[in-house]
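Residue numbers begin at 1 in each chain, while the letters A, B, ... track the order of the sequences. Just so it is clear, the structure is predicted and the values come from calculations on it, not from any experiment.
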Amino acid sequence: MKIFKKSQPVAQVKKAKRSVGGNIVLGVFLASLGFLFFFPVLYMVSQSLKPMNEMFIFPPRILVQNPTLNNFRDLSNVLANTLVPLTRYIFNSVIVVVIGSVGHIIFASMCAFPLAKYRFPGVKVFNKIIEYSLMFDATVTMIPNFITISRLGMLDSLSAIIIPSFATTLCLYLMINFMQQIPDSLLEAAQIDGAGYFRTHWKIVMPISKSALVTAFIMIFQRLWTNTGDKFIYEERLKGFSYLVTQLSNGSVTGVGASYGGILAAAQIIMFLVPVTVFLFMQSNVISTMATSGMKD
Amino acid sequence: MDEVIKRTKWQWFVHEVKRYKVLYFMMAPFMILFLVFVVWPVVQAIGYSFTDYNVLESANFVGLRNYRELFLQDKIFIKALKNTIIIACFVGPGGYILSFLLAWLINELPHTLGTIVTVIFYSPSMAGTAVTVFAMIFSNDSTGYLNAILINLGLTTDAILWLSDEGTILLIVILASLWLSLGVGFLSFVAGIKNVDEAQYEAAALDGIRNRWQELWYITLPNMKPQLLFGAVMSITGALSVGSIGDSLVGFPSPNYASHTIVNHLNDYGMLRLEMGYACAIAVILFALMMILNILVQKFLRKIGT
């Protein structure tokens with residue numbers, strides 16, 4: 001193999017050829033479909049920049065004519081007069097999202113590694129249970145869950161959202177699937193070098209499954225960020241930012257007035273921008289080739 | 001003789017448990033929470049499906065009555081079952097193939113551009129209220145965008161009642177669901193494709209793989225089996241639990257139950273009527289449906305690239 005490679009000029013061996021025609025067709029396909037998918041976001045942005053007189057124009061226009069930041073200013077005025085200071089809502093959200101996501105990634109990755117790579121008694125049963133637990137509708141498990149949470153005394157506290165979120169199976173299942181691709185030889189080598197399971201997990205499995213961990217992080221982050229928690233938390237000063245936004249859309253903060261649509265759109269833009277920022281930040285930290293380094297058998 | 005084998009089997013089991021005891025410790029924190037917050041509620045819900053539990057009164061055991069009623073008397077449930085299967089037939093495979101195709105195309109792009117394009121396609125799933133745009137487009141009166149376009153082009157003189165006509169409701173729910181189907185499975189595909197070893201592509205190019213289609217079939221797909229399985233589970237659960245999209249487009253219940261799905265039916269009994277026993281039975285049926293489908297799809301996926 002090596003000899004063969006040497007005899008070839010490096011630039012030519014890279015990958016199978018991409019035809020120019022194919023590139024153009026696929027590029028056009030991607031761009032037009034991308035517009036279709038991005039349309040609602042575009043609409044949302046445009047809506048948040050519309051001055052009041054454009055909100056009720058007939059026939060309705062999709063794009064804003066005279067963009068203004070008034071809606072964002074109104075939003076901050078409205079939020080300045082909430083029952084509990086805005087910073088408190090944001091603080092609650094940050095606590096829930098940070099502790100929830102980080103804790104989940106640590107617990108779930110520690111659970112996923114053994115399930116993906118070792119054949120100990122019970123592993124098949126555990127894997128099946130986890131896979132099928134994804135398929136049970138959450139509506140009917142809500143009442144049993146409510147009873148458990150109240151028995152544990154977690155009702156009306158942030159832990160009612162944080163602690164159950166540690167046990168989200170979706171990300172665990174994702175990690176198990178990705179970690180199955182780690183070559184056994186790498187783990188054996190670590191074992192021979194004297195690393196225990198915990199050390200192997202921390203030093204080899206975690207760095208190598210970075211792309212899976214990042215994807216899982218985005219998933220759990222988004223879940224926690226949009227979780228209003230209104231089923232388990234009643235006290236206003238323990239509620240998060242997403243709850244405030246749902247209240248805005250109910251009209252219970254502003255009242256259903258004329259400027260309400262624009263304010264709502266502005267709030268939704270903020271709700272949307274946070275996960276997008278996290279997404280871009282996390283993704284830019286994963287260089288595509290990083291994931292496979294050291295994974296060659 | 002049997003006695004000996006049994007003992008050795010048991011001894012082997014104990015031996016293996018001891019050997020891997022560190023792994024059990026590693027898994028314990030997650031597993032305990034998982035049992036408390038996921039498995040236990042599911043077990044309880046399955047138990048409730050054999051009772052007449054209604055949240056307010058204590059539950060009485062009624063055997064299979066809920067299931068019998070669902071299949072033999074509840075015509076709306078049968079309609080919901082039919083609708084769910086129709087929606088799933090389009091949204092499941094459609095969303096799955098679309099997710100993979102897009103992830104694969106994104107992988108051809110340079111890293112930064114690829115990330116931005118990923119965000120664009122994932123954005124409907126991140127923008128909480130994205131479905132409202134569909135309501136604007138298909139709005140019934142002449143202010144709906146699609147109707148306005150059709151009237152301006154002279155294709156129709158009267159506004160089409162997209163969201164009231166039984167024939168079109170289901171179609172629009174399918175379209176909106178497809179458009180929201182680029183979710184978690186899509187993200188796992190994007191991450192999984194990047195994990196495929198570059199050296200394999202190089203080796204394949206030497207071995208005579210000529211274009212990207214061959215590369216896709218012989219290298220990319222077989223290397224992505226774990227992600228393909230994950231995506232399949234996501235597609236199955238996603239496609240069979242379409243429900244809230246219909247709610248926000250046409251309201252609940254949909255006109256003449258035109259887009260009524262199993263999940264809609266479940267929410268109706270679980271959240272509105274509080275007939276928990278009945279709702280749990282619906283959940284169990286949905287669960288069984290997903291399990292069966294999952295087994296079939298996994299059998300099929302194992303054949304890829306072999």
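- Here the side chains of A:Leu115 and A:Phe120 are in contact, with some heavy-atom distance below 4.5 Å.
- Only the side chain of A:Leu172 comes within contact range of chain B, with heavy atoms under 4.5 Å apart.
- Proximity to chain A involves both the backbone and the side chain of B:Val17, based on heavy atoms less than 4.5 angstrom apart.
- Contact count against chain A (heavy-atom pairs under 4.5 Å) is highest for B:Leu266 among B:Leu266, B:Ile282, B:Asn223, B:Val38.
- In this structure the side chain of A:Asn145 never reaches within 4.5 angstrom of the side chain of A:Pro164, judged on heavy atoms.
- Heavy atoms closer than 4.5 Å to chain A are found in the side chain of B:Tyr53, but not in its backbone.
- The choice from B:Phe13, B:Trp12, B:Phe30 that makes the most heavy-atom pairs within less than 4.5 Å of chain A is B:Phe30.
- For the set B:Ala279, B:Ser188, B:Gly270, the count of heavy-atom pairs under 4.5 angstrom toward chain A peaks at B:Ser188.
- The residue among B:Tyr122, B:Tyr48, B:Trp40 with the most heavy atom pairs within less than 4.5 Å of chain A is B:Tyr122.
- Judged by distance alone, with hydrogens and angles left aside, the side-chain atoms of A:Lys117 form a donor-acceptor pair with the main-chain N or O of A:Ile182 at under 3.5 Å.
- Centroid-to-centroid, the aromatic rings of B:Phe25 and A:Phe198 stay 6.0 Å apart or farther.
- Interface remark: A:Val41 contributes side-chain atoms only to the contact with chain B (heavy atom separation under 4.5 Å).
- With a threshold of 4.5 angstrom between heavy atoms, B:Tyr24 approaches chain A through side-chain atoms but not through N, CA, C or O.
- Comparing B:Val184, B:Val39, B:Leu286 by how many heavy-atom pairs each has under 4.5 Å with chain A, the most go to B:Val184.
- Residue with the most contacts toward chain B among A:Glu131, A:His201, A:Met219: A:Glu131 (heavy-atom pairs, distance under 4.5 Å).
- Without hydrogens or angle criteria, B:Trp104 side chain to B:Val190 main chain gives no donor-acceptor distance under 3.5 Å.
- If you measure heavy-atom distances from B:Leu109 to chain A, the contacts under 4.5 Å come from the side chain alone.
- Interface residue A:Ile143: only side-chain heavy atoms are found under 4.5 Å from chain B.
- One side chain, B:Asn264 or B:Thr261, offers a donor N or O that lies under 3.5 Å from an acceptor on the other.
- Under the rule for a side chain to side chain contact (heavy atoms under 4.5 Å, CB included), the partners of A:Val278 that lie at least two apart in sequence or sit in another chain are A:Phe217, A:Phe221, A:Met282.
- Within a 6.0 Å sphere centred on OH of B:Tyr218, other residues, nucleotides and ligands contribute 12 heavy atoms or fewer.
- The shortest distance between side-chain heavy atoms of B:Phe189 and B:Ile106 does not fall below 4.5 Å.
- Not a single ring pair (Phe, Tyr, Trp, His ring centres under 6.0 Å) links B:Phe186 to another residue, sequence neighbours left out.
- Side-chain contact between A:Ser211 and B:Lys194 is absent, with no heavy-atom pair separated by less than 4.5 Å.
- Counting only distance, with no hydrogens or angles, the side chain of B:Asn107 and the backbone of B:Ala103 share no donor-acceptor pair below 3.5 Å.
- For the options A:Leu174, A:Asn23, A:Leu33, A:Ile218, heavy-atom pairs under 4.5 Å to chain B are most numerous at A:Leu174.
- At a 4.5 Å heavy-atom cutoff, A:Met271 makes no contact with chain B through either its backbone or its side chain.
- Interface remark: of the candidates B:Ile262, B:Val117, B:Thr112, B:Leu182, B:Leu182 forms the most heavy-atom pairs closer than 4.5 Å to chain A.
- Annotation: side chain of A:Cys171 is in contact with side chain of A:His104 (closest heavy-atom distance under 4.5 Å).
- Residues passing the salt bridge (charged side-chain N to carboxylate O under 4.0 Å, His left out) test with B:Lys18: none are found, sequence neighbours excluded.
- A donor-acceptor pair shorter than 3.5 Å can be found between the side chains of B:Thr220 and B:Tyr201.
- No part of B:Leu35 comes within reach of chain A, as not one of its non-hydrogen atoms sits under 4.5 angstrom from that chain.
- Among A:Phe107, A:Tyr197, A:Tyr118, A:Phe178, the single residue meeting the ring-ring contact (aromatic ring centres under 6.0 Å, His included) criterion with A:Phe113 is A:Tyr118.
- Heavy atoms closer than 4.5 Å to chain B are found in both the backbone and the side chain of A:Ile130.
- Interface remark: of the candidates A:Ile176, A:Ile129, A:Leu26, A:Thr148, A:Leu26 forms the most heavy-atom pairs closer than 4.5 Å to chain B.
- Contacts of A:Ser242 with chain B are absent, with no heavy-atom separation under 4.5 Å from either backbone or side chain.
- Using a 4.5 Å cut-off between heavy atoms, A:Thr226 does not touch chain B at all.
- Looking at B:Val263, only its side chain comes within 4.5 Å of chain A, counting heavy atoms on both sides.
- Only the side chain of A:Leu152 comes within less than 4.5 Å of a heavy atom of chain B; its backbone N, CA, C and O stay farther away.
- Residue A:Phe29 touches chain B through its side chain alone, counting heavy-atom pairs closer than 4.5 Å.
- Residues of residues 288-295 of chain B lying within less than 4.5 angstrom of chain A, judged on heavy atoms, are B:Met290, B:Met291, B:Asn294, B:Ile295 in numerical order.
- No donor-acceptor pair under 3.5 Å is formed between the side chain of A:Gln181 and the backbone N or O of B:Gly192.
- In this model, no donor atom of one side chain and acceptor atom of the other lie less than 3.5 Å apart for B:Glu215 and B:Gln200.
- For the options A:Phe35, A:Tyr132, A:Trp225, A:Phe126, heavy-atom pairs under 4.5 Å to chain B are most numerous at A:Tyr132.
- The candidate from A:Ala112, A:Pro144, A:Ala108 with the greatest count of non-hydrogen atom pairs under 4.5 Å with chain B is A:Pro144.
- Listed for the A:Ser46 side chain is no donor-acceptor partner under 3.5 Å among the backbone atoms of A:Leu42.
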